[in-house]
Amino acid sequence: MAKGGKRPKGKKITLSVAKNCIKITFDGKKRLDLSKMGITTFPKCILRLSDVDELNLSRNMIRKIPDSISKFQNLRWLDLHSNYIDKLPKSIGQMTSLIYLNVSNNRLTTDGLPVELNQLKNIRTVNFGLNHLDRVPTTLGALKELQEVGLHDNLLSTIPNSISKLPKLKKLNTERNPFPKAEESDTFIDSIKRPDNLYLVEEKDLCGPCLRKCQQAQDKLNKIKSMATVEPRRAIFSSVVSPNAMAKESQEDWRIRSTSP
């Protein structure tokens, strides 16, 4: 930290730098990738690049997202994970082209999520994991296109029924929340047709301890799934190779003896 307790200014992003960070994805979309650049404040210059389809500002030190982010009207993919954000702007509801939103590993509280999120009618994937949410935003129940939801590592004590009624929900992660009963989250997940844990952060982006924790959770889930599909037990004959081995040997011995002179 700088002298006098001031926060470091962080890296200054110019328009020229930002333009050089635009990449074309495999499906032909324009992605502005400013991740892991030590940015502390939202770079206003990138508003001049509002025609991009994807914006990645993850793994920086950004504390506030301005209302002007709504100028990205074509944005389909927004990644803000691993910053210091404690609330989202109301204008995010105007970004109706969004299908993917990742704000995991920030400082968000439930009050920091605006009701305008319910205007994201095309959103399919949201990740609110690793934050400080003490209840699930009721706005999620209005997002009928939602397929994947991350709510892991928060302060949740219950999951509202409106989430289970989402018609297209396929994946949900509510791991490591202080539910009053251990089986509550399991019962809820069982009500979804195709339950799978949701991990939206790529393995290469996780620190060692976090990666091990995720792998252990996935191994546990796989073990539970394999136990659920195991075939009914068959009778075990510990002293023979096959159930009728002894009978077969006895019969052969009897035949030899009975045909002997």
Side-chain angles (χ1 to χ4, degrees), residues 13 18 21-22 29-35 37 39-154 156 160 162-163 166 168-169 172-173 198 200-201:
I13 301 298
C21 292
I22 294 178
K29 304 298 183 183
K30 288 199 298 184
R31 175 183 295 179
L32 176 52
D33 189 352
L34 297 174
S35 62
M37 297 191 72
I39 303 171
T40 56
T41 57
F42 185 90
K44 294 180 180 179
C45 66
I46 68 174
L47 297 175
R48 297 173 64 179
L49 304 173
S50 58
D51 62 333
V52 297
D53 304 291
E54 303 180 0
L55 176 59
N56 187 355
L57 287 167
S58 67
R59 290 161 289 174
N60 282 295
M61 297 176 282
I62 299 172
R63 297 177 180 275
K64 183 179 180 181
I65 301 298
D67 289 327
S68 56
I69 196 173
S70 61
K71 290 186 178 181
F72 288 92
Q73 283 297 298
N74 297 328
L75 210 63
R76 293 161 48 87
W77 191 92
L78 178 58
D79 193 345
L80 300 171
H81 87 262
S82 303
N83 279 285
Y84 299 140
I85 303 166
D86 58 6
K87 67 177 181 178
L88 297 177
K90 295 180 179 180
S91 63
I92 198 170
Q94 300 172 27
M95 303 172 70
T96 54
S97 295
L98 276 181
I99 62 173
Y100 173 95
L101 175 63
N102 187 356
V103 290
S104 65
N105 195 22
N106 275 286
R107 298 177 177 179
L108 291 169
T109 63
T110 304
D111 293 336
L113 300 179
V115 295
E116 285 78 8
L117 283 172
N118 64 7
Q119 298 172 23
L120 302 178
K121 300 300 183 182
N122 294 307
I123 198 81
R124 298 175 188 173
T125 299
V126 294
N127 190 355
F128 295 118
L130 289 163
N131 277 290
H132 305 295
L133 307 183
D134 57 5
R135 61 188 185 280
V136 178
T138 56
T139 51
L140 290 186
L143 305 177
K144 304 303 181 184
E145 295 297 316
L146 265 182
Q147 299 178 16
E148 303 178 348
V149 178
L151 293 168
H152 57 93
D153 297 281
N154 275 288
L156 303 175
S162 59
I163 302 301
L166 287 169
K168 297 184 180 181
L169 188 63
L172 176 72
N173 187 357
L198 176 62
L200 297 180
V201 180

Could you check if a side-chain atom of Val126 sits within less than 4.5 angstrom of a side-chain atom of Leu120, using non-hydrogen atoms only? no
Evaluate Asp86 against Thr109 for side-chain contact (heavy atoms from CB on, under 4.5 Å), listing each step before the verdict. CA-CA 7 Å; Asp86 58 6; Thr109 63; over 6 Å; no
Can a salt bridge be assigned to the pair Glu145 and Lys168 using a cut-off of 4.0 Å between side-chain N and carboxylate O? yes
Thr110 meets the side chain to side chain contact (heavy atoms under 4.5 Å, CB included) criterion, sequence neighbours left out, with Leu133, Asp134, Arg135
Could you walk me through whether Glu116 and Gln94 satisfy the side-chain contact (heavy atoms from CB on, under 4.5 Å) test, starting with their C-alpha distance in whole Å, then the side-chain angles of each, then the deciding distance to 0.1 Å, before giving a yes or no? CA-CA 8 Å; Glu116 285 78 8; Gln94 300 172 27; over 6 Å; no
Beyond-backbone contact of Asn127 with His152, side-chain heavy atoms, under 4.5 angstrom: yes
Rounded at 0.5 Å granularity, tell me how far CD in Gln147 sits from OG1 in Thr125. 6.5 Å
So among Ile85, Leu57, Leu80, Asn83, which one has a side chain to side chain contact (heavy atoms under 4.5 Å, CB included) with Phe42? Leu57
I need the Phe72 CZ to Leu47 CG distance, nearest 0.5 Å. 5.5 Å
I'd like to know whether Ser58 forms a side chain to side chain donor-acceptor pair (under 3.5 Å) with Asn56, so could you lay out the CA-CA distance, the side-chain angles of the two residues, the decisive distance to 0.1 Å, and finally the verdict. CA-CA 6 Å; Ser58 67; Asn56 187 355; 2.7 Å; yes
Separation between NZ of Lys64 and CD1 of Ile69, rounded to the nearest 0.5 Å: 12.5 Å
Decide yes or no on side chain to side chain donor-acceptor pair (under 3.5 Å) for Thr139 and Asn118, but give the supporting numbers first. CA-CA 5 Å; Thr139 51; Asn118 64 7; over 6 Å; no
Side-chain heavy-atom pair Ile13, Cys45 within 4.5 angstrom cut-off: yes
Please tell me if the side chains of His81 and Arg59 come closer than 4.5 Å, counting only heavy atoms from C-beta onward. yes
So, taking the atom named NZ in Lys71 and the one named CG in Asp67, what distance separates them when rounded to the nearest 0.5 Å? 11.0 Å
Check the surroundings of atom NZ in Lys121: do more than 12 heavy atoms from other residues, nucleotides or ligands lie under 6.0 Å from it? yes
To the closest 0.5 Å, what do you measure between CG (Leu75) and CZ (Arg31)? 11.0 Å
Please state whether the rings of Trp77 and Tyr100 are parallel, tilted or perpendicular, taking 30° and 60° as the class boundaries. parallel
With side chains defined as the heavy atoms from C-beta onward, is the minimum distance between Ser97 and Asn74 less than 4.5 Å? no
Between atom CZ of Phe128 and atom CG of Asn102, what is the distance when rounded to the nearest 0.5 Å? 10.0 Å
Taking side chain as C-beta onward, heavy atoms only, is Arg107 less than 4.5 Å from Arg63? yes
Within the 4.5 Å heavy-atom criterion, are Ile92 and Ile65 side-chain neighbours or not? no
When you compare the side chain of Ile163 with that of Leu169, does any pair of heavy atoms fall below 4.5 Å? yes
